[in-house]
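Below is one structure; the comments refer to it alone.
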Protein chains: 2
Amino acid sequence: MTTGAGQTPHRRRAGNGAARRIDADEIGLDTLVGHAGYAVRRFQIWIFQDFIKTLEEVDIRPTQYSVLTLIGANPGLSQMAVAKRLGIERARLVHLLDSLEERKLVKRIKSKSDRRSHALHLTTQGETALAKFKRLAAEHERHVEQKLGKANRERLLQILAGFT
Amino acid sequence: MTTGAGQTPHRRRAGNGAARRIDADEIGLDTLVGHAGYAVRRFQIWIFQDFIKTLEEVDIRPTQYSVLTLIGANPGLSQMAVAKRLGIERARLVHLLDSLEERKLVKRIKSKSDRRSHALHLTTQGETALAKFKRLAAEHERHVEQKLGKANRERLLQILAGFT
DNA sequence: TATTGTTATACTCTATAACTATA
DNA sequence: TATAGTTATAGAGTATAACAATA
């Protein structure tokens with residue numbers, strides 16, 4: 001708590017220039033190892049990269065996937081509702097939907113009850129595509145399971161269930 | 001696996017315009033609830049926001065904190081070594097260090113053994129400042145503990161230990 | 001030839017603010 | 001007046017590529 005050297009041995013020869021080659025895996029993280037945020041950030045980078053790579057053939061990224069899944073399960077949602085539910089800025093969702101609409105996966109339908117808002121739906125093509133995306137996403141999830149172990153993955157989901 | 005409706009009841013009146021007001025917390029996430037990546041992303045957003053807010057008075061963000069902590073525990077590291085260890089692009093680290101050097105927290109010293117590289121050190125001021133940052137970061141970590149529970153936070157750190 | 005630090009570019013994402021058309 | 005969608009801008013963060021100095 002005081003000096004900050006702690007559990008990290010200083011692997012260098014002297015206090016001035018770097019004297020010898022230091023491998024990445026022998027550099028101590030000091031207090032970072034006790035921060036959940038650090039571990040979570042590193043894990044999130046890994047998991048997103050695996051998701052992107054696993055769904056590369058269909059060119060769908062995590063946020064796009066979450067939007068499509070939400071609309072697929074709740075057709076007719078407004079943009080505001082989707083943005084709030086997923087924690088996306090509504091300004092950002094506009095561009096996400098522009099791209100998904102160009103790809104004919106989603107359509108915006110003017111709401112009759114509130115003419116300011118759009119009811120969001122998957123196209124028929126979008127429903128078919130989403131089914132494939134879900135199969136690939138399930139494959140990605142198996143990678144996660146292999147990486148963490150089955151029990152750990154389930155524990156993780158339980159621990160973080162409150163943030164979804 | 002086929003249609004995608006699954007565990008999510010469709011809370012709307014008809015297939016066209018949105019018929020009634022839907023609250024955010026009653027929108028089902030469908031298969032997203034089974035994705036570790038989704039939960040992790042939402043949690044990471046929460047935890048980073050708390051970190052940023054808790055260290056707002058000293059204007060230090062998570063990445064800056066990780067760089068300072070690493071240099072503090074391993075003085076003399078090169079920029080390449082820091083970038084590799086933390087998974088930051090070396091091009092990005094240049095700007096991060098520019099800003100930390102302007103604030104007199106870090107200094108770049110030309111290495112004598114390899115004149116291409118810089119040995120990174122905290123300034124005296126940087127060491128004092130880092131001690132304060134660590135106290136605030138510990139306070140942030142207590143917020144995490146309050147949010148997750150003590151046992152869950154520790155389990156989370158164990159599960160993700162391999163990604164640090 | 002390869003590596004370190006640097007500069008530059010592009011794209012994603014977050015955070016705002018302001019505008020329009022509606023309510 | 002407030003809200004839904006849109007447009008625009010600025011700042012992080014990520015991903016590349018290219019360059020100078022040095023190995």
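Letters A, B, ... are given to chains in the order of the sequence lines, protein chains preceding strands, and every chain is numbered from 1. Scope of the values below: all heavy atoms of this structure, side chains included, with no hydrogens, waters or symmetry mates.
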- Query: Taking N and O atoms by type only, does the side chain of A:R90 place a donor or acceptor under 3.5 Å from a partner on the base of D:dG5?
  - Reply: yes
- With no angle test and no hydrogens, is the base of C:dG5 tied to the side chain of B:R116 by a donor-acceptor pair under 3.5 Å? no
Proximity to the side chain of [X] - top-ranked nucleotide from [options]:
| X | options | result |
| --- | --- | --- |
| B:R115 | C:dT22, D:dG5, D:dT22 | D:dT22 |
| B:E89 | C:dA21, C:dT4, D:dT16 | D:dT16 |
| B:R108 | C:dT16, D:dT6, C:dT6 | C:dT6 |

- Query: Can you tell me how far C1' of D:dG11 sits from CZ of B:R61, to the nearest Å?
  - Reply: 9 Å
- Query: Is it true that B:F51 and B:Y65 have ring centroids separated by less than 6.0 Å?
  - Reply: yes
- Task: May I ask you to verify if any side-chain N or O of A:Q79 is less than 4.0 angstrom from the OP1 or OP2 atom of D:dT6?
- Result: yes
- Query: Out of A:E139, A:E145, A:E141, which one pairs with A:H143 under the side-chain contact (heavy atoms from CB on, under 4.5 Å) rule?
  - Reply: A:E139
- Query: Hey, which of A:K107, A:R108, A:Q79 is the one that makes side chain to side chain donor-acceptor pair (under 3.5 Å) with A:H118?
  - Reply: A:Q79
- With nearest nucleotides of DNA chain D determined for B:L96 and A:V94 from heavy-atom distances, which residue corresponds to the more 5′ nucleotide? A:V94
- Item | First encountered from the 5' end of DNA chain D, between A:L97 and A:I45 | A:L97
